[in-house]
Each structure stands twice: as C-alpha cells, then as structure tokens.
Amino acid sequence: MNFGFLGIQFGFGLQQANMSPIYRYLGADEAQIPWLWLAGPLTGLLVQPIIGAMSDKTWTKLGRRRPYFLVGAIFASIALIFMPYSSTLWMAAGLLWILDASMNIAMEPFRAFIADKLPAEQRTLGFSVQSFFVGLGQFSANIMPWLLGFLGIITLGAYGEIAELENANGIPNFIKYSFVLGAMVMLGTVLWTIFTTDEYPPENMEEFKKDKGSVAKVFIEVKEAIVSMPKIMKQLWWVMFFVWYGLPLMWQYLSLAISRHVFGAASPEHPDFEKEPFMEV
C-alpha cells in the first residue's frame, strides 16, 4: 500500500535538494529564489484540500484514490524528466508548478488510502510504515548525486573537476541523471501500489453517486471541515505552521546564501565552483 509513497517522496526530495541550484545555474540571483519557490506552498495550499475532498467523492474502475495516484505520478514524472533540461529560468519555474501540483495530487489521497484500507487498530502501523517510506525516499533522493559519482557514472578528473559537467544550460549531468531516475522510481512504485492493491467500493453505490456533487460543493465541504475541525487539530495547526515556516527557509537559503556567506562556499561564477567541494573531500 505504501510503496508508491516512496517514489512520491523521492520526487519531493529531488525538488527540495536541487531546485535552488537549478535556478542558480539558470541565472537567478539569491533574492529571486524565494519568489521562484512560491509554487510549492501555493499549490499545496490549494491542491491538497481540494484533491482530498474530490477523492472522497470519486469512484472509478481503478477505485477511489488510485486514479489520483496514477494521474499525479504520470505528470510529475514528465516534469521531473524535463526539469534539468530547462533552457530558461521561467521554464524551470513553470515546470516546478506542474511538478509540485502533480506530486500533491498523487500524495494527498495516499494518506486517506491507508485509512480506507486498514481497520482502526492497524492504522497507526500503516501510517508509521508510510513515514518510513517518506524518510527513505527523501534520503535516497539526497544521496543520489553522490551515489552516481561513486558508481563512476560521473567521472572525476585529476584535480577533482567533474568531467562532462557543462551542457546547454550548465546544469550538471549528475542532476539530470538523478531526475530521470527519480521519474522512473516515482512511476514504477506508484504503479506497483496501483496494481497490487484494491479498494473497497461504497456500501451504497446509488447514494454515493447522488452525493458526488460539483466542484463548488467541494469548496463548501472544505470550508465546513475547517470550521468543524476538532480542538486538538486546531492546536496542532499552529505547530505545523511554524514547522513548515522553517523547512522552506532551509530549502531556499541553506544550499546557497548561508553556505556561501557563512561557510565560504564558492558561487557558480567562481572558477573553482565545481572543483572546491571535491578537493575538500
């Protein structure tokens, strides 16, 4: 059930670790990068509650949640493949919107999928396994560029420079290969979940069809859910707000501004930009 979540989080890990450098390679300065990252929080804010409510009202030959897994994984995989081949800054920014929206479409129903499939006494274990795959996917995505070099896919010169680094947009080949591999992992793991699991149909299909409603009804239900949210969830709301305030700061600033201004890392314009990290190792 949770194996597809590994691939989705692999995609999120690639995005979080590499989008700031990709923007930098394409000419963005440090002040522009937070604006270019707005795709993530905006799409999450809009897509997750809407897709969650829509999937509650869906039933197809593939079931309730699995159509969203499939559609989201297909579009996210396409965006992952094209992302490191972006020729302009705004092409990369547009692909990030598509990528983030698609991964949110695939990810949000996965949480409800566990609740649909498991009895109450097994749900804690189900969500724990899901959390394990979140960590595994993120770890795998972050280690992938190093692993490609370790396996010899990226060759190193006598002084540590990366051979075959430069291409049309200046983005290193190890990032390209990582994104293409990420697309394969995402699509493959999601398809595994789709084809090895099933879903329980609604007990009363006729009533279910009558209650499907419209897109406008989805927005109304989301509003009602927020208003009637249990007290404990309202208390956790603020905790999650500040946690997620901190996480994007790490993605947007740590790999570029802080590493350069605090730790003295070279900027992409520096002649030793590719050489310096490998010399230290």
Side-chain angles (χ1 to χ4, degrees), residues 1-19 22 39-41 43-44 47-48 51-52 55 62-84 95-96 98-118 122-151 153 174-199 240 243-244 247-248 250-251:
M1 286 187 296
N2 279 308
F3 195 55
F5 217 74
L6 172 92
I8 294 170
Q9 291 301 318
F10 196 107
F12 271 114
L14 288 173
Q15 170 189 299
Q16 291 158 8
N18 296 289
M19 280 312 303
I22 286 175
T43 52
V47 171
Q48 287 196 20
I51 291 298
S55 68
L62 274 179
R64 174 180 284 124
R65 317 292 181 183
R66 290 181 298 169
Y68 295 90
F69 303 164
L70 181 61
V71 171
I74 289 173
F75 281 98
S77 297
I78 294 170
L80 280 172
I81 291 171
F82 281 100
M83 179 66 75
L95 284 169
L96 180 60
I98 297 171
L99 175 61
D100 210 277
S102 301
M103 289 193 295
N104 274 290
I105 289 170
M107 180 185 69
E108 185 58 28
F110 248 108
R111 294 164 177 160
F113 185 59
I114 302 305
D116 293 344
K117 291 281 292 178
L118 296 179
Q122 293 183 357
R123 286 175 190 164
T124 299
L125 177 59
F127 287 120
S128 297
V129 173
Q130 192 173 88
S131 297
F132 168 79
F133 279 118
V134 169
L136 182 60
Q138 293 273 347
F139 171 80
S140 302
N142 281 273
I143 202 174
M144 190 53 58
W146 171 85
L147 184 60
L148 291 175
F150 179 78
L151 295 175
I153 296 174
F174 61 79
I175 293 181
K176 287 185 173 183
Y177 299 153
S178 296
F179 272 67
V180 172
L181 182 61
M184 296 168 59
V185 170
M186 179 182 293
L187 195 56
T189 55
V190 169
L191 287 174
W192 177 269
T193 292
I194 289 172
F195 288 117
T196 59
T197 59
D198 53 15
E199 294 188 75
M240 294 301 296
V243 167
W244 280 94
L247 284 173
M250 175 181 67
W251 303 330

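Positions are given from 1 along the sequence.
- The side-chain heavy atoms of Gln138 and Gln16, taken from C-beta on, include a pair separated by under 4.5 Å.
- Between Phe110 and Phe5, the ring centre distance stays below 6.0 Å.
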Can you check side-chain contact (heavy atoms from CB on, under 4.5 Å) on Lys117 and Gln122, steps first, answer last?
CA-CA 10 Å; Lys117 291 281 292 178; Gln122 293 183 357; over 6 Å; no

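- One finds the CE atom of Met184 at 12.5 Å from the CG atom of Leu80 (value rounded to the nearest 0.5 Å).
- Inter-residue side-chain proximity for Leu14 and Ile175 is flagged as unmet; no heavy-atom pair is nearer than 4.5 Å.
- Rounding to the nearest 0.5 angstrom, the gap separating the CZ atom in Arg66 from the CZ atom in Phe195 is 9.0 Å.
- The CG atom of Asn142 sits 12.5 Å away from the CG atom of Leu147 when rounded to the nearest 0.5 Å.
- Here the straight-line distance linking atom CD1 of Ile78 with atom CG of Leu95 works out to 10.5 Å at 0.5 Å rounding.
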Check the pair Val47, Glu108 against side-chain contact (heavy atoms from CB on, under 4.5 Å), reporting the backbone distance first and the verdict last.
CA-CA 9 Å; Val47 171; Glu108 185 58 28; over 6 Å; no

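- Pairing each heavy atom of Pro109 with each of Ile105, the nearest pair is CD-O, 3.0 Å.
- Between Leu6 and Phe10 the shortest side-chain heavy-atom distance does not fall below 4.5 Å.
- Taking all atoms of both residues into account, the shortest heavy-atom contact from Ser178 to Met144 is OG-CG, 3.5 Å.
- Taking all atoms of both residues into account, the shortest heavy-atom contact from Ala73 to Ala106 is N-CB, 4.0 Å.
- A heavy-atom distance below 4.5 Å is found between the side chains of Phe179 and Asn18.
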Give the C-alpha distance, both sets of side-chain angles, the deciding distance and a yes or no for side-chain contact (heavy atoms from CB on, under 4.5 Å) between Gln15 and Met83.
CA-CA 10 Å; Gln15 170 189 299; Met83 179 66 75; over 6 Å; no

Applying side-chain contact (heavy atoms from CB on, under 4.5 Å), run through Asn2 and Ile114 and close with a yes or a no.
CA-CA 8 Å; Asn2 279 308; Ile114 302 305; 3.3 Å; yes

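- Rounding to the nearest 0.5 angstrom, the gap separating the CE atom in Met103 from the OG atom in Ser77 is 10.0 Å.
- Side-chain contact check for Ile51 versus Asn104: every heavy-atom pair is 4.5 Å or farther apart.
- Within the 4.5 Å cutoff, the side chain of Met1 has no heavy atoms near those of the Gln130 side chain.
- Rounded to the nearest 0.5 Å, atoms CG (Leu99) and CZ (Phe12) are 7.5 Å apart.
- Heavy-atom minimum distance, Asp116 versus Arg65: OD2-NE, 2.6 Å.
- Environment of CZ in Phe127: crowded, with over 12 heavy atoms of neighbouring residues, nucleotides or ligands closer than 6.0 Å.
- The side-chain heavy atoms of Phe113 and Glu199, taken from C-beta on, include a pair separated by under 4.5 Å.
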